[in-house]
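Every chain is numbered from 1, with letters handed out A, B, ... down the list of sequences.
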Amino acid sequence: MKERVDWPPVETVPDRAEVLRLQGIPGGVALPRRIVQILDEAMAVYTEAAEPRALVQDISCEAFAAVYRGEGRNAPVTPIEGVVDRAKTLMLFVATVGGCVTERIRDLFARNEPAHAAMLDSVASAATDRLALLLGHRYPAAARDAAPNDVRTLGYSPGYCGWHVSGQRALFETLGPEAIGVTLNASFLMDPLKSVSGVLVAGPGEIHRFKPSWAFCADCRDKPCLGRMPSLPIASTAGAMSRGVEGA
Amino acid sequence: MSILSDIAAGLQKGEDDRVAELVRQALDENREAVTILNEGLIAGMRVVGEQFRVREIFLPDVLLAARAMYAGLGLLKPLLARDGIPTAGKVVIGSVQGDLHDIGKNLVGIMLAGAGFEVIDLGNDVAPHRFVDEARDRGASVIGLSALLTTTMPVMKDVVDLVRSQGLHGKVRVIVGGAPVSDAWARQIGADAYGYDAASAVERIRTLAGAQA
């Protein structure tokens with residue numbers, strides 16, 4: 001099965017707290033009115049400019065092993081191998097909020113509106129993560145239908161958890177996300193920039209648990225795994241996803 | 001409260017129209033441009049920088065203040081140039097070849113300008129020789145390199161090597177930054193400094209430029 005998904009932008013608007021976190025503003029802080037206004041404006045611009053869409057495709061464990069191997073530059077041992085080995089279903093995916101948002105961000109910088117530009121950038125980044133979360137809620141339908149209380153779907157991306165970013169090439173060759181307007185450059189960078197790629201892994205929640213104490217974890221600033229692991233036993237959730245950059 | 005204090009206060013509030021108006025007024029009162037710059041705009045940005053460092057204010061506040069700084073600086077620049085007043089230093093910045101991310105680089109550029117530096121922003125996907133050529137030809141003392149991918153990080157070393165091979169080591173310092181970049185990486189490739197974030201990059205560049213002077 002290979003399927004394109006399109007969302008109305010309003011369904012992909014991210015949580016305000018997550019946007020503020022990306023701006024370095026912790027939860028519970030009383031925000032000045034001017035910052036709230038900038039956030040509101042950024043959310044509105046996002047809703048107007050975003051064109052959120054995704055492409056997903058089933059993949060067997062054997063076929064995924066070849067994609068994952070990529071150009072042979074992964075860390076010698078990674079948590080992804082253990083997770084995938086115990087998975088019920090795997091799906092490749094690429095999702096994007098489109099290129100118009102990035103253009104609007106650049107335009108705001110060019111017009112000397114850096115606060116608005118940076119806020120819109122954070123909104124778009126959080127929305128990109130949310131796309132992967134939404135995919136995780138929707139797919140894989142068969143696995144979720146078979147065991148709705150047991151299956152958890154989380155995404156893993158090239159550039160994170162020891163999966164080298166050069167793995168993007170094999171993923172793109174297999175999935176063909178050019179069909180939704182997402183391409184890859186020589187540095188394995190996706191265009192539009194606000195895109196996310198990887199594999200959706202569905203299986204019992206416990207398969208996604210691992211300690212972020214691998215050598216490559218030291219270079220990962222955000223550690224999104226820490227944010228999504230605590231929610232695993234409670235509800236079906238995809239958690240925060242990576243954005244296809246390594247070590248962020 | 002003097003007009004210079006008013007400028008600094010307006011800048012801290014991010015009131016760009018008000019800052020521009022006050023700078024015009026100060027010039028009408030025959031205050032020297034360099035005095036308005038140092039005791040009004042830069043003094044205000046110093047307070048903003050310190051408040052940001054101790055997390056009393058956040059990124060949007062800093063960027064609003066930077067916009068106000070630009071509003072005032074735009075009026076002063078021709079006068080500063082006419083009077084031969086040097087900037088805090090010249091810095092060439094850009095995202096390295098193969099990398100199209102520019103948000104971090106843009107933030108560093110804005111904060112550098114706010115700290116009184118002349119910023120030569122080469123944009124993104126910049127070839128190593130362009131960094132070095134621009135620094136040499138325009139007399140910049142610091143090159144700031146940004147990368148957000150491990151695949152583009154090696155280009156940083158190419159720039160460092162080029163600076164050395166062209167005999168500019170010691171005259172032009174190189175600072176690196178970006179999500180996958182670390183202090184250890186900076187040392188490994190022979191860069192002069194590493195900036196964890198935009199604020200720390202500005203502090204490091206201030207030191208590098210000072211060491212250069």
Identify which part of B/Val62 has an atom lying under 4.5 Å from any heavy atom of chain A, answering side chain, backbone, both or neither. neither

Flag the one option from A/Glu113, A/Gln23, A/Arg34, A/Arg73 with the top tally of heavy-atom pairs under 4.5 Å to chain B. A/Arg34

Quick check on B/Asp125 against chain A: is it the side chain, the backbone, both or neither that has a heavy atom closer than 4.5 Å? neither

Minimum heavy-atom distance B/Phe58-A/Gly24, with the two atoms named: CD2-O, 3.6 Å

May I ask you to name which of A/Ala115, A/Ala118, A/Ala117 has the most heavy-atom pairs under 4.5 Å with chain B? A/Ala115

Who passes side-chain hydrogen bond (donor to acceptor under 3.5 Å, both in side chains) against B/Glu56, sequence neighbours left out? none

A/Ile35 CD1 to B/Asp61 CG distance, which is reported to the nearest 0.5 Å: 4.0 Å

Should the heavy atoms of other residues, nucleotides or ligands under 6.0 Å from CZ of B/Arg204 be counted, would the total exceed 12? no

A/Arg106: which of B/Ile103, B/Asp102, B/Asn106 passes side-chain contact (heavy atoms from CB on, under 4.5 Å): B/Asp102

CG on B/Leu149 to CG on A/Asn185, rounded to 0.5 Å: 7.5 Å

Taking all atoms of both residues into account, what is the closest heavy-atom pair of B/Thr150 and A/Val165, and its distance? OG1-CG1, 3.8 Å

If every non-hydrogen atom of B/Gly98 is compared with every non-hydrogen atom of A/Ser187, which pair is closest and at what distance? O-OG, 2.9 Å

Which answer fits A/Ile25, side chain, backbone, both or neither, if we ask what part of it has an atom under 4.5 Å from a heavy atom of chain B? both

Any side-chain heavy atom of B/Leu59 sitting closer than 4.5 Å to one from A/Met119? no

Any heavy-atom pair between the side chains of B/Leu64 and A/Ile38 that's under 4.5 Å? yes

Please give me the minimum heavy-atom distance between A/Pro114 and B/Ile110, naming the atom from each residue. CB-CD1, 3.2 Å

Quick check on A/Ala186 against chain B: is it the side chain, the backbone, both or neither that has a heavy atom closer than 4.5 Å? neither

Is A/Asn112 in contact with chain B via its backbone, its side chain, both, or neither, using a 4.5 Å heavy-atom distance? both

